[in-house]
Amino acid sequence: MRYISTRGEAPALGFEDVLLTGLATDGGLYVPESLPHFSVEEIRSWRGLSYAELAYKVMYPFVEDAIPADDFRKMLNETYSVFSHQAVAPLVQLDTNEWVMELFRGPTLAFKDFALQLLGRLLDYVLEKRKQHVVIMGATSGDTGSAAIEGCRRCEHVDIFILHPYQRVSEVQRRQMTTVQGDNIHNIAVKGNFDDCQRMVKESFGNQSFLGGKTQLAAVNSINWARIMAQIVYYFQASLALGGPDRSMAFSVPTGNFGDIFAGYLAKKMGLPISQLVIATNRNDILHRFMSGNKYEQHQLEHTLSPSMDIMVSSNFERLLFDLHGRDGAAVKDLLERAAKGPVSIEDYRWKHARKLFDSDAVDDKTTCDTIRDIYEKNEYLLDPHTAIGVRAARNCRRDGTVPMITLGTAHPAKFPDAIAESGLVVKPQLPAHMADLFEREERYTVLDNSVSEVQGFIAKHWKNA
Ligand SMILES: *Cc1c(COP(=O)(O)O)cnc(C)c1O
């Protein structure tokens, strides 16, 4: 399978190169040139498969040029055996025909483990084959950093440096990063804010001379195609568990960078019967404003109780815009260059098509808390604030009560105790038993000044073969 850029100018690449590349050289994102399509009969024949086996069926067409079948199977078995539930992505019923898919049974208790546990293994596999080494450099305000570190802890050919803003991430989130031991794992606390961290990463990617040409940087942010690919699988898993593909499903997805819900859109294009996809946002609602009024406009960032969805623009939305524009890279390039300067709209018929594909809703902090409280009082089930936004949006946007509605449960409630407290509940969310000693584990991180040369100097000195 070949991958092409959403801006139409960068060269097409194979899977291995797409895995190791972040942005395309023209500033676009890579997408498959064409998608595999599965018939209803074929999908039906997957009933009863384990998660890892299903993952193999869904993903193999994307990687087959790069990885032999048996190696990929083995990788998937390892990847999903570290999850703390036999079903990997279990469903919990909330109400008649309404469900939450718990995607937080991985090592860092958020859905990002599904992709990053696999990404680490894929990277190491390809690097071993090529006899190469990479340095992963990333900035995090929480979930991505810990999932990336966990995903890379056993990689031989990868050093990972994660920058977080000193004293500005929650203690659970910090400890999930800093208590992972490994010679290739480096946590840097920058005396600045998240934007400072991100700026340093961007600058370093732009000029990698500080590495002396001996290794290269790689990115694990949500624009990496392999992450999207891994997220397609659980849509199939949920459908098969509830009678699909012989009935259609609806999904509601707590959305930030549009990666997770874009995977649902791809599942549908690959043949899975999905009749509704709900984009659920918090007050950072650029996507909801676009879907309801055909105006794509950046607003000031708002800090909410659902910090993993606090974004100003959704980077993966570019991948949808590419399809909405008939895969015309020049049109996407033009649109996004204009969008960087001010509000933009797309042609009415294209926007109407988008509205057929997606519903949307924006949920504020108060309604998030009300939802957490309501579900707990009725079901004794605790939602994390991101999932609560999904559940609320699902209920507000539901079109057909006979179609099962599945909200993606993106994080474990113990990761976000502030929102639970804010909702007025006295119950305290408990960390799962395998993490109960998180607060006793030894932490390792380095505090550095808010200076790119200091950070780059640290990386140059501390990667494996430096
Ligand atoms: C990253 C994240 C999201 C947003 O996912 P996107 O793929 O960026 O849309 C939602 N909830 C949680 C808990 C997350 O960590």
Side-chain angles (χ1 to χ4, degrees), residues 29 100-117 119 138-151 164 169-170 172-173 176-177 194 220-232 234-235 251-267 277-288 290-291 304-320 358 360-363 368 372 382-394 407-420 429:
L29 309 184
V100 166
M101 178 163 46
E102 294 189 338
L103 298 177
F104 48 75
R105 301 300 194 116
T108 73
L109 309 181
F111 83 92
K112 292 188 171 71
D113 287 327
F114 276 81
L116 286 163
Q117 281 294 319
L119 187 63
T140 190
S141 53
D143 289 344
T144 309
S146 56
I149 286 171
E150 275 289 347
H164 72 263
V169 297
S170 81
V172 172
Q173 290 185 320
Q176 281 189 320
M177 296 190 278
F194 173 64
V220 292
N221 49 12
S222 75
I223 59 164
N224 191 304
W225 161 255
R227 285 185 59 180
I228 308 272
M229 172 183 86
Q231 293 168 13
I232 301 170
Y234 42 69
Y235 289 88
F251 290 92
S252 175
V253 186
T255 297
N257 266 323
F258 204 73
D260 214 5
I261 192 160
F262 186 71
Y265 160 82
L266 294 178
L277 284 166
V278 178
I279 300 169
T281 76
N282 63 23
R283 289 285 300 286
N284 297 288
D285 59 351
I286 180 167
L287 292 175
H288 175 58
F290 173 75
M291 293 305 303
T304 71
L305 290 172
S306 43
S308 301
M309 290 155 56
D310 288 349
I311 46 92
M312 286 196 295
V313 291
S314 299
S315 39
N316 281 296
F317 195 56
E318 175 162 349
R319 291 186 156 115
L320 180 71
F358 297 97
S360 69
D361 195 17
V363 178
T368 305
I372 292 173
L382 262 184
L383 296 174
D384 102 285
H386 306 81
T387 309
I389 286 171
V391 168
R392 173 52 53 194
T407 295
L408 269 48
T410 51
H412 190 287
K415 280 193 102 160
F416 299 98
D418 293 354
I420 312 290

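Read the numbers this way: they start at 1 and go in the same order the structure lists the ligands and their atoms.
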What verdict does the side chain to side chain donor-acceptor pair (under 3.5 Å) test give for N257 and N316, after you've listed the backbone C-alpha separation in whole Å, the side-chain angles of each residue and the deciding distance to 0.1 Å?
CA-CA 6 Å; N257 266 323; N316 281 296; 5.8 Å; no
Is N257 in polar range of ligand 1, meaning some N or O pair under 3.5 Å apart?
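Such a contact does occur with ligand 1.
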Is ligand 1 less than 4.0 angstrom away from at least one heavy atom of S222?
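The answer is no: ligand 1 sits nowhere under 4.0 Å from a heavy atom of S222.
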Touching ligand 1 at all, F111? Heavy atoms, strictly under 4.0 Å?
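Yes, F111 has heavy atoms under 4.0 Å from ligand 1.
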[X]: numbered ligand 1 atoms lying under 4.0 Å from its heavy atoms:
| X | value |
| --- | --- |
| T410 | 10 (C), 11 (N), 12 (C), 13 (C) |
| P254 | 4 (C), 10 (C) |
| T255 | 9 (O) |
| D260 | 7 (O) |
| G259 | 6 (P), 7 (O), 9 (O) |
| A411 | 13 (C) |

Got H412 and E102 here, is their nearest side-chain heavy-atom distance under 4.5 Å?
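With C-beta onward as the side chain, the pair stays apart.
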Select the closest option to atom 14 (C) of ligand 1 among K112, H386, M309, R227, judged by heavy-atom distance.
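When every heavy atom of K112, H386, M309, R227 is considered, K112 comes closest to atom 14 (C) of ligand 1.
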In the protein, what heavy atom is nearest to atom 4 (C) of ligand 1, and what distance, to one decimal place, separates them?
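Heavy-atom neighbour on the protein nearest atom 4 (C) of ligand 1: G256 N, 3.5 Å.
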Restricting to non-hydrogen atoms, name the atom on I279 and the atom on M291 that form the minimum distance, rounded to 0.1 Å.
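Reported closest heavy-atom pair: CD1-CG, 3.9 Å.
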